[in-house]
Protein chains: 2
Amino acid sequence: MTETPDSVTEAPETPNSEVDCLCPLGGVMDLLSRRYAMQLVCVVGAIGPARYGDVEAAFDGVSSSTLSARLDELVEAGILAREQYAEIPPRVEYELTDTGEELRDHLSPLIRWAEELDEGTISRTQE
Amino acid sequence: MTETPDSVTEAPETPNSEVDCLCPLGGVMDLLSRRYAMQLVCVVGAIGPARYGDVEAAFDGVSSSTLSARLDELVEAGILAREQYAEIPPRVEYELTDTGEELRDHLSPLIRWAEELDEGTISRTQE
DNA sequence: TTCAATACTTCGGACTCGACAGTATAAATG
DNA sequence: CATTTATACTGTCGAGTCCGAAGTATTGAA
């Protein structure tokens, strides 16, 4: 299985009965566990309707192939909406769906916390 | 660069000045973007002091090499604490550090939201 | 005619992951 | 005494994923 989220229909069926509130293995969490996925939701949410080039520039260092793949997956999952305009040169805009907005609301506190933690961590080679 | 979080010292230096609250690319978010990382924080938090075997059983399908790597990274990042007892057979217990607890607090709403979303998504093969 | 602009693909190689077998130790079992 | 059992991993190899760079398509501008 190549994990392309064509259909998000992988019920984990409670892998173990000892723990109840562990995270689902298939589905949205798997999507979000891929590189730049969470950041992408943040960026698109922050920019508003964001063009592909804007997103690429915001990241500064992501390969276009990976970015493209991530974008597709997020659209497929119903988190991002893609609107393409019939112009030359082409124009495509991404923005959060309602579901995407919800996700961003849940993601924001995590992001802010991570930023603060990273700032405080100067060098941690020694324990 | 192989991204091993030996030292979390990759300052992104504000990749783009147009967006301010986008997510950091290096650091904790990168660690959490790896497979099972977020789930691992949840599981260890739920079980309490968790032995390696408990964690492995809770996931039901993770390879031991990957699980081991993730565990090491999380320990290295100061999110998990590892305690090893000099017994035979060996016993090792993992639990969340204070930082790890904070992370779990920020992760929980996301997880719950994801679970609900996955439940509602029956089949989405058609757009 | 060539260049510019945009939103991606395609490609080869590097990196990461999964499955499975193996390691070390000592107590319990036969 | 030899074998099994239990735990927490590590090693290996093939498959899957990600990266950087170059290429594609289109049409107006120079």
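All of these numbers come straight from a predicted model, not from anything done at the bench. Lettering of chains follows the sequences in order, A, B, ..., and the numbering in each one begins at 1.
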>> Taking 4.0 Å as the cut-off, does a side-chain nitrogen or oxygen of A:Arg35 come that near to OP1 or OP2 on D:dC19?
In response: yes
> Is the charged tip of A:Arg70 near the ring of A:Tyr36: under 6.0 Å from the six-membered ring centre and within 45° of its axis?
Replying inline: no
> Quick one: does A:Ser64 reach the base of D:dG20 with a side-chain donor-acceptor pair under 3.5 Å?
Replying inline: no
> Is the distance from OP1 or OP2 of C:dC8 to the nearest side-chain N or O of A:Arg82 less than 4.0 Å?
Replying inline: yes
> Choosing from D:dC9, C:dC17, D:dC19, which nucleotide comes nearest the side chain of B:Tyr94?
Replying inline: D:dC9
> Taking for each residue the nucleotide of DNA chain D bearing the nearest heavy atom, is the 5' side occupied by A:Ile88 or by B:Arg91?
Replying inline: B:Arg91
>> Is there a side-chain contact between B:Asp30 and A:Arg35 in this structure, where contact means two heavy atoms from C-beta onward sitting under 4.5 Å apart?
In response: yes
> When the distance from CD of A:Glu83 to C1' of C:dA7 is rounded to whole Å, what number comes out?
Replying inline: 16 Å
> Atom CZ of B:Arg82 and atom CD of B:Glu95: how far apart are they, to the nearest 0.5 Å?
Replying inline: 13.0 Å
> Looking at C:dA7, does its base get a donor-acceptor pair with the side chain of A:Ser68 below 3.5 Å?
Replying inline: no
> In whole Å, what is the span from the CG atom of A:Leu71 to the P atom of C:dT6?
Replying inline: 16 Å
>> Strictly below 4.0 Å: does B:Thr66 bring a side-chain N or O up to OP1 or OP2 of C:dC17?
In response: no
>> Tell me whether A:Glu93 is salt-bridged to A:Arg91, with the criterion being a basic N under 4.0 Å from an acidic carboxylate O.
In response: yes
> Given atom CG of B:Asp72 and atom P of D:dC9, what is their separation to the nearest angstrom?
Replying inline: 8 Å
> What integer distance in Å separates A:Phe59:CZ from C:dC8:C1'?
Replying inline: 17 Å
> Between D:dG16 atom P and A:Arg34 atom CZ, what is the distance in whole Å?
Replying inline: 13 Å
> What is the distance from CG of A:Leu67 to P of D:dG20, rounded to the nearest Å?
Replying inline: 12 Å
>> Can you see if the side chain of B:Tyr85 gets near the phosphate of C:dT25 - specifically, an N or O under 4.0 Å from OP1 or OP2?
In response: no
> A:Pro90 has a side chain; which of C:dT6, D:dA8, D:dT12 sits nearest to it?
Replying inline: C:dT6
> Between A:Pro89 and A:Ala69, who's closer to the 5' end of DNA chain C by nearest nucleotide?
Replying inline: A:Pro89
> In whole angstroms, how far is the C1' atom of C:dC17 from the CD atom of B:Glu73?
Replying inline: 12 Å
>> Looking only at the side chains, is there a donor atom on one of A:Ser63 and A:Thr66 sitting less than 3.5 Å from an acceptor on the other?
In response: yes
> Nearest-Å distance, CG (B:Asp30) to C1' (C:dT16)?
Replying inline: 13 Å
> Does B:Tyr52 put a side-chain nitrogen or oxygen below 4.0 Å from OP1 or OP2 of D:dA6?
Replying inline: no
